[in-house]
Amino acid sequence: MHHMDTADDRPLRVRFAPSPTGSLHVGGARTALFNWLAARHAGGAFILRLEDTDRERSTPESEAEILRVLTWMGLDWDEGPFRQSERDDIYRECIDRLKEAGAVYAAWETAEELDAMRAEARANKRAPVVRGRRDHTSEEIAAFEAAGRTPVWRFAVPLPGETVIDDMIRGQVTFDHAQIEDFVVARSDGSPTYNLAAAVDDMVMGITRVIRGEDHISNTPKQMLVIRALGGEPPQYAHVPLILGTDRKRLSKRHGAASVEELEADGFLPQPVRNALVLLGWSYDDKTTTFTLDELVEKFDVSRISKSPAVFDLKKLEVMSGRYLRAMDPAEFADVLVGYLEGTGYFDGKAADAPDLARRTAPLVQRKMSRLSEYDRLAGWLYRPVEFEPEALAALQEDVKTSIQCIGGGLGRVEVLDDFTVDNIKDALSDQLHIQGLTAREFLEPQRIAVTGQSISTGIYESLALLGREESVARYRAALALLAESWQGGD
RNA sequence: GCCCCCAUCGUCUAGCGGUCCAGGACGCCGCCCUUUCACGGCGGUAGCGCGGGUUCGAAUCCCGCUGGGGGUACCA
């Protein structure tokens with residue numbers, strides 16, 4: 001029952017075939033990853049093909065974005081990118097061959113007739129499949145042509161009969177031909193449809209295995225029919241379960257961060273994204289949850305892909321991302337952080353030395369963040385005058401008297417420190433909190449808020465040292481003044 | 001409606017008839033560490049959808065039900 005993912009007699013050739021109608025979503029990215037891993041694992045070829053037969057919705061921008069994201073993820077392709085829009089002659093030749101073989105027929109039904117046909121079948125609780133009329137007289141056809149009509153070409157699905165997919169993940173899946181309509185293979189303008197183009201390309205490109213989303217499974221028998229009618233042998237199929245949002249519906253834009261582009265903008269690095277994606281529907285064993293790319297290439301096996309759909313949990317990605325960031329070499333982390341901030345325009349409108357400041361703060365934020373976009377939440381206070389977060393200010397005002405004592409006590413030590421180093425600041429403040437008989441948490445939190453305006457930030461000692469004595473003292477005084485005001489105000 | 005698929009903690013999953021009164025990870029809760037938020041360490045919480053079979057024995061096999069997902073275009 002369990003197929004082993006071993007290469008058969010032919011070298012493995014897989015493909016990723018997105019349609020360039022938007023940015024690459026998480027599901028597509030995982031499909032690409034699975035295909036790439038299968039290819040690299042087996043030493044086979046990974047082919048990239050853009051399915052842009054829908055001229056209306058396909059855009060060059062989308063294509064460029066998909067290529068860019070694949071590259072960002074570290075997924076390189078061996079052949080392509082091929083564009084179906086540039087392979088029209090191949091499809092037309094195959095359509096001609098199907099006509100010669102009598103595998104397709106001209107269908108003249110109007111949209112209204114088709115609708116009526118399907119509605120009637122539905123009303124009678126039958127499958128709403130279209131079977132075109134094939135008994136038109138030559139007079140009727142002449143009349144259609146005289147009226148300027150051109151037919152679509154439908155595949156004559158053999159009846160009775162069935163097509164069985166021997167799916168690597170699902171086992172045998174059988175489709176009764178009675179349930180498969182005579183699908184359109186060539187539109188009335190002669191252009192190929194998806195089911196024709198995809199089947200032809202898989203055959204012509206020598207694809208040996210198709211790994212794609214389960215949403216395509218009902219297309220598979222149609223494509224197998226086309227390939228066989230053309231004298232080809234269908235590839236192996238592996239239909240992977242879909243990725244769902246937290247509402248258990250297929251993941252889409254409205255679930256937020258549904259595209260790789262968004263994950264990148266949110267400050268996630270390719271390594272954790274890959275790691276999180278590969279674990280949606282695939283597992284290696286009962287324990288391992290982090291893998292390097294090399295380990296994935298070595299261990300990936302289609303036979304271990306799950307049959308049931310998986311809910312995408314951003315929280316889990318965050319955890320993996322945080323761990324990855326913390327494990328990075330500090331210098332590399334600094335490079336990546338500054339690069340990310342530059343790329344998102346973080347330094348625009350800031351002082352010329354802002355990138356340099358960011359680099360110096362990198363060690364202070366590395367252990368604290370789960371994604372690069374959290375930088376501002378941690379260190380943003382360094383780049384601008386204090387702005388109190390409402391909750392942080394509220395925390396201070398909860399017990400104004402104590403807050404003033406803490407901040408005043410801290411100020412008293414800080415303003416007289418000659419050598420304004422992290423160690424000296426730490427010693428002075430530690431001493432002061434002893435004197436005031438407070439816990440570290442009680443004493444240090446007000447300092448943090450006074451200086452940064454935030455309840456979460458870089459470490460307080462480092463923060464003060466970075467700010468310098470003069471600025472630190474100024475911020476302490478400002479906070480004190482603000483609190484004194486609200487105290488007198490009576491609260 | 002019709003066709004196809006799926007079903008283990010809240011989530012991702014291990015499990016392929018006995019070694020499972022179900023293991024890991026994330027989350028959540030508690031404790032510890034760092035005289036700071038964070039990080040880290042330790043412990044806890046929580047699950048085989050239901051009903052029938054088969055079998056000495058079922059989370060694992062079969063049937064039904066229920067629930068969920070996908071498809072149903074001259075889109076891909």
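Residue numbers begin at 1 in each chain, while the letters A, B, ... track the order of the sequences.
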So which nucleotide from B/A76, B/G69, B/G40 ends up closest to the side chain of A/Lys249? B/G69
For B/C4, does the base pair up with any side-chain atom of A/Ser218 as donor and acceptor (N or O, under 3.5 Å, distance only)? no
Anything under 30° is parallel, anything over 60° is perpendicular, the rest tilted; go ahead and classify A/Tyr194 against A/His216. tilted
Using a 4.0 Å heavy-atom cut-off, does A/Leu279 contact any base of the nucleic acid, only the sugar-phosphate backbone, or nothing at all? sugar-phosphate
Taking only N and O in the side chain of A/Lys316, is any of them less than 4.0 Å away from OP1 or OP2 of B/C12? no
Describe, in one word, how the ring planes of A/Trp108 and A/Phe144 are oriented to each other, choosing from parallel (under 30°), tilted (30 to 60°) and perpendicular (over 60°). parallel
Let me know, please, whether A/Gly281 or A/Ile460 comes out on the 5' side of the other along RNA chain B by nearest nucleotide. A/Gly281
Of the candidate nucleotides B/G1, B/A76, B/U36, which contains the atom at the shortest distance from the side chain of A/Leu444? B/U36
So, is A/Arg187 near the phosphate of B/C75, with a side-chain N or O under 4.0 Å from OP1 or OP2? yes
From CG of A/Leu325 over to C1' of B/A38, roughly how many Å is that when rounded to an integer? 14 Å
Looking across every strand, which nucleic acid part, if any, lies under 4.0 Å from A/Ser19 by heavy atom: base, sugar-phosphate, or nothing? sugar-phosphate
Tell me, please, whether A/Phe82 has A/Arg49 positioned over its six-membered ring: NZ or CZ under 6.0 Å from the ring centre and within 45 degrees of its axis? no
Touch class at under 4.0 angstrom, heavy-atom based, for A/Arg154 against every strand present: sugar-phosphate
Do you know the tightest heavy-atom contact between A/Ala103 and A/Ala229? CB-CB, 4.1 Å
Roughly how many Å is it from CE in A/Met320 to C1' in B/C39, rounded to a whole number? 18 Å
For B/G1, which nucleotide is its Watson-Crick or G-U wobble mate, given both distances must be under 3.5 Å? B/U72
Looking at the side chain of A/Pro128, which of B/A76, B/G1, B/G70 is the nearest nucleotide? B/G1
What nucleotide, of B/U72, B/U36, B/C6, holds the atom closest to the side chain of A/Arg448? B/U36
Applying a 3.5 Å limit to both distances, which nucleotide forms a Watson-Crick or G-U wobble pair with B/C29? B/G43
Side-chain N,O (A/Arg248) to OP1/OP2 (B/G70) below 4.0 Å: no
Is there a side-chain polar atom (N or O) of A/Arg377 under 4.0 Å from OP1 or OP2 of B/A38? no
Quick check for you: among B/C74, B/U13, B/A76, whose closest atom lies nearest to any side-chain atom of A/Val184? B/C74
Please work out if A/Val152 contacts a base, only the sugar-phosphate, or nothing of the nucleic acid, heavy-atom cut-off 4.0 Å. base
Taking A/Arg371 first and then A/Glu318, would you say they form a salt bridge - that is, a charged N and a carboxylate O separated by under 4.0 Å? yes
For B/U72 versus B/G10, give the span between their P atoms, rounded off to a whole number of Å. 33 Å
Any A/Arg326 side-chain nitrogen or oxygen under 4.0 Å from OP1 or OP2 of B/G40: yes
Answer yes or no for A/Arg154 and A/Tyr105: cation-pi contact, defined as NZ/CZ to six-membered ring centre under 6.0 Å and angle to ring axis within 45°. no
Only pairs with both distances under 3.5 Å count, Watson-Crick or wobble alike; so what is the partner of B/G67 in this structure? B/C6
Can you identify which nucleotide, out of B/C4, B/C75, B/G1, has its nearest atom closest to the A/Asp54 side chain? B/C75
Considering just the side-chain nitrogens and oxygens of A/Ser283, establish if one lies under 4.0 Å of OP1 or OP2 belonging to B/A14. yes
Looking at B/A14, B/A76, B/C26, which one has an atom nearest to any side-chain atom of A/Lys315? B/C26
Is the base of B/U36 touched by the side chain of A/Arg441 through a donor-acceptor pair closer than 3.5 angstrom? no
In Watson-Crick or G-U wobble terms, both distances under 3.5 Å, what is the partner of B/U60? none
Salt-bridged, A/Arg441 to A/Glu445, with N to O below 4.0 Å? no
Quick one: which of B/A76, B/U36, B/U11 gets closest to the side chain of A/Arg57? B/A76
Expressed in angstrom and rounded to an integer, what is the separation of A/Asp285 atom CG from B/G23 atom P? 16 Å
Whole angstrom is fine here: how far is it from CG in A/Asp286 over to P in B/C9? 17 Å
Atom NZ of A/Lys125 and atom C1' of B/U72: how far apart are they, to the nearest Å? 17 Å
Remember a base hit wins even if backbone is also touched, and classify A/Leu242 as base, sugar-phosphate or nothing at under 4.0 Å, heavy atoms. sugar-phosphate
Could you identify the nucleotide paired to B/U55, looking across every strand shown and requiring Watson-Crick or G-U wobble geometry with both distances under 3.5 Å? none
State which of B/A76, B/A38, B/U36 makes the closest approach to the side chain of A/Glu445. B/U36
Base partner of B/U36, which must satisfy Watson-Crick or wobble distances under 3.5 Å: none
Would one find a side-chain N or O of A/Arg250 under 4.0 angstrom from OP1 or OP2 of B/G71? yes
Can we say A/Arg83 and A/Asp52 salt-bridge, meaning some charged N sits less than 4.0 Å from an Asp/Glu carboxylate O? no
Between A/Thr53 and B/A76, is there a contact of a side-chain N or O with OP1 or OP2 at under 4.0 Å? yes
A/Arg170 side-chain N/O to B/G70 phosphate OP1/OP2 under 4.0 Å: no
Heavy atoms from C-beta onward define the side chain here; which of B/U72, B/C74, B/G27 lies closest to that of A/Val319? B/G27
OP1 or OP2 of B/C39 less than 4.0 angstrom from a side-chain nitrogen or oxygen of A/Arg323, does that happen here? no
Hey, does A/Ile456 reach any base, or is it just sugar-phosphate, or nothing, if we go heavy atoms under 4.0 Å? base
A/Gln454 and side-chain contact (heavy atoms from CB on, under 4.5 Å): which single residue from A/Arg448, A/Glu389, A/Arg377 fits? A/Glu389
Please tell me which of A/Ala17 and A/His434 maps to the more 5' nucleotide of RNA chain B, matching each residue to the nucleotide holding its nearest heavy atom. A/His434
Separation of atom CZ in A/Phe443 from atom C1' in B/U36, rounded to whole Å: 11 Å
In whole angstroms, the gap separating P of B/G70 from CG of A/Leu244 amounts to 7 Å
Report which part of the nucleic acid A/Ser191 touches: base, sugar-phosphate, or nothing (heavy-atom distance under 4.0 Å, all strands). nothing
Take the protein atom CZ of A/Arg304 and the nucleotide atom C1' of B/G24, then report the distance between them rounded to whole Å. 13 Å
Has the side chain of A/Asn219 got a donor or acceptor atom sitting under 3.5 Å from an opposite partner on the base of B/A76? yes
